[in-house]
Amino acid sequence: MKVERLLGITMMLLSRRRVNAQTLADRFEVSIRTIYRDLETINTAGIPIVAYTGADGGYEIMEQFRIDRQIVTLDDLQSILAGLKGVQASLDDHEMDGLLTKIKALVAKSEQNQLEEAGETLLFDTNLWHGGGLKDKSILGALRQAAKNRQVASFLYTNTEGMGEQREVEPLGIAWKGYSWYLYAYCRLRGDYRTFRLSRLSGLRIHLEHFVSRGVRMEELDARWGNQDTGQAVQLVLRFRPRLRVRVEEAFGFDRVETAEDGSLLVRNSYPDGHWLTGMLLSYGPDVQVLEPAYIADRIRSMGEQIAQLYKEDAQAESGLTAVKR
């Protein structure tokens, strides 16, 4: 523990201009006297620490001293820090805080001034704009730790139909896919590997039981699932109103959007059939028409009629209440 603390203090001093003894004591949960001894040990080891007195006093490493980061450039470190900050914002992991401190220590103090003056030129953040996503971010850290320790986890998992089912799994790790966090795990109920969207997970419990690795890595599962269809592929032909060009090009790709003679936009693409496909098409409202296949068009029309009927019934009920009041 002392060696880790000495390394941690060194990294903090390398990444900051000046730190007082009380800040170091609070950070490493030891007494100020212990910090004084640690600073003397670091200084004896050849890392020059300078002490300053007064209101702004504290300790810092001599300006000319820094760890040689060899072939890693300042731009490289900026990119690494941007990625780590984005992940740390979601994980809320104390280990990530330590890693950020170590990476910052590779930047010379003169270069740290350059970074501050330039500001952030790259921002990576997995948090959604509207604040949606996970209600409890602590489950990210809990599942990640369970995967590290190979501990069995259990939770209630709710599918897209709103049906909940208790699962017991052997976690491999967590992954950010698209715009959501997922758990990769071996599901004991299904007897196979599965992904679980964390926003649909509740009642998480990490058990004392440890499991033996089955020799499968997350990267292997990702490659395997990436080459498989998640449902029967449907060849779609869609027609969009011209005013949706920007949104359509962003969603389907510039090379898949054709402009018809009347100015409408035609898109030909294949997607796995299922609830996601229906929801995606309905999200465009009256601005999209399914030309092919006919059964998908019938499904969207039926859903539209059901939605219209729902609001029609609400309007009739409201009208009846108004008449009664009169």
Side-chain angles (χ1 to χ4, degrees), residues 128-130 132-133 156-165 167 175-183 187 189-190 192-202 221-222 224-322:
L128 301 181
W129 279 105
H130 55 76
L156 180 68
Y157 192 69
T158 304
N159 61 22
T160 54
E161 299 290 337
M163 302 296 293
E165 192 172 37
R167 301 293 185 98
W176 175 260
K177 303 288 290 184
Y179 54 88
S180 299
W181 284 102
Y182 289 86
L183 168 67
C187 178
L189 179 65
R190 299 288 184 254
D192 199 358
Y193 290 95
R194 292 287 189 273
T195 58
F196 301 93
R197 187 165 172 166
L198 297 193
S199 59
R200 300 176 187 168
L201 184 154
S202 61
L221 292 175
D222 206 48
R224 183 195 308 174
W225 291 329
N227 294 326
Q228 293 179 348
D229 289 330
T230 55
Q232 183 179 1
V234 179
Q235 297 294 328
L236 293 173
V237 179
L238 309 174
R239 179 163 58 202
F240 293 89
R241 292 186 177 178
R243 64 188 184 88
L244 261 67
R245 176 175 292 278
V246 173
R247 181 181 173 187
V248 172
E249 288 178 342
E250 288 178 344
F252 298 94
F254 295 92
D255 58 334
R256 294 190 178 274
V257 180
E258 304 173 19
T259 303
E261 292 183 0
D262 61 356
S264 62
L265 310 175
L266 297 178
V267 173
R268 293 177 172 83
N269 206 352
S270 63
Y271 287 101
D273 194 3
H275 294 284
W276 178 88
L277 177 61
T278 303
M280 183 272 289
L281 294 173
L282 287 172
S283 71
Y284 290 96
D287 293 320
V288 64
Q289 180 183 6
V290 179
L291 301 181
E292 297 179 15
Y295 77 92
I296 295 291
D298 290 340
R299 181 194 300 171
I300 298 300
R301 180 172 55 252
S302 176
M303 292 288 290
E305 291 172 350
Q306 292 178 47
I307 293 171
Q309 183 62 31
L310 176 65
Y311 284 97
K312 182 178 180 180
E313 292 174 355
D314 288 345
Q316 290 175 344
E318 184 176 349
S319 177
L321 289 174
T322 303

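Because the structure is predicted, anything quoted here is derived from the model rather than measured. Side-chain atoms are counted along with the backbone in the values below, which use heavy atoms only and exclude waters and symmetry mates.
Closest approach of P293 and Q235 over heavy atoms only: CD-O, 3.4 Å. In terms of heavy-atom proximity, A297 sits nearest to V290 at CB-O, 3.6 Å.
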message: Under the criterion side chain to side chain contact (heavy atoms under 4.5 Å, CB included), I'd like the reasoning laid out for T259 against R245: C-alpha separation, chi angles, the key distance, then a yes or no.
response: CA-CA 10 Å; T259 303; R245 176 175 292 278; 2.8 Å; yes

message: Is there a side chain to side chain contact (heavy atoms under 4.5 Å, CB included) between L238 and Y284? Walk through the geometry before answering.
response: CA-CA 11 Å; L238 309 174; Y284 290 96; over 6 Å; no

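Note on R299 versus D273: salt bridge recorded, some NZ/NE/NH1/NH2 to OD/OE distance being below 4.0 Å.
Summarising the geometry, atom CG belonging to L266 is positioned 14.0 Å from atom CZ belonging to R256; distances are rounded to the nearest 0.5 Å. Here the CZ atom belonging to R194 is positioned 11.0 Å from the CG atom belonging to L221, to the nearest 0.5 angstrom. If you take OH on Y295 and CD1 on I300, they are separated by 11.0 Å, rounding to the nearest 0.5 Å. Here the CZ-OG distance, from R243 to S264, works out to 13.5 Å after rounding to the nearest 0.5 Å. The CZ atom of R190 lies 4.0 Å from the CZ atom of R167; values are rounded to the nearest 0.5 Å. Interatomic distance, CZ of R268 versus CG of L236, reported as 11.5 Å (0.5 Å rounding).
Ring pair F240/F252 is tilted by interplanar angle, where 30° to 60° counts as tilted.
When side chains are defined from C-beta on, E165 counts as touching L189, because their heavy atoms get closer than 4.5 Å. A heavy-atom distance below 4.5 Å is not found between the side chains of V267 and V288.
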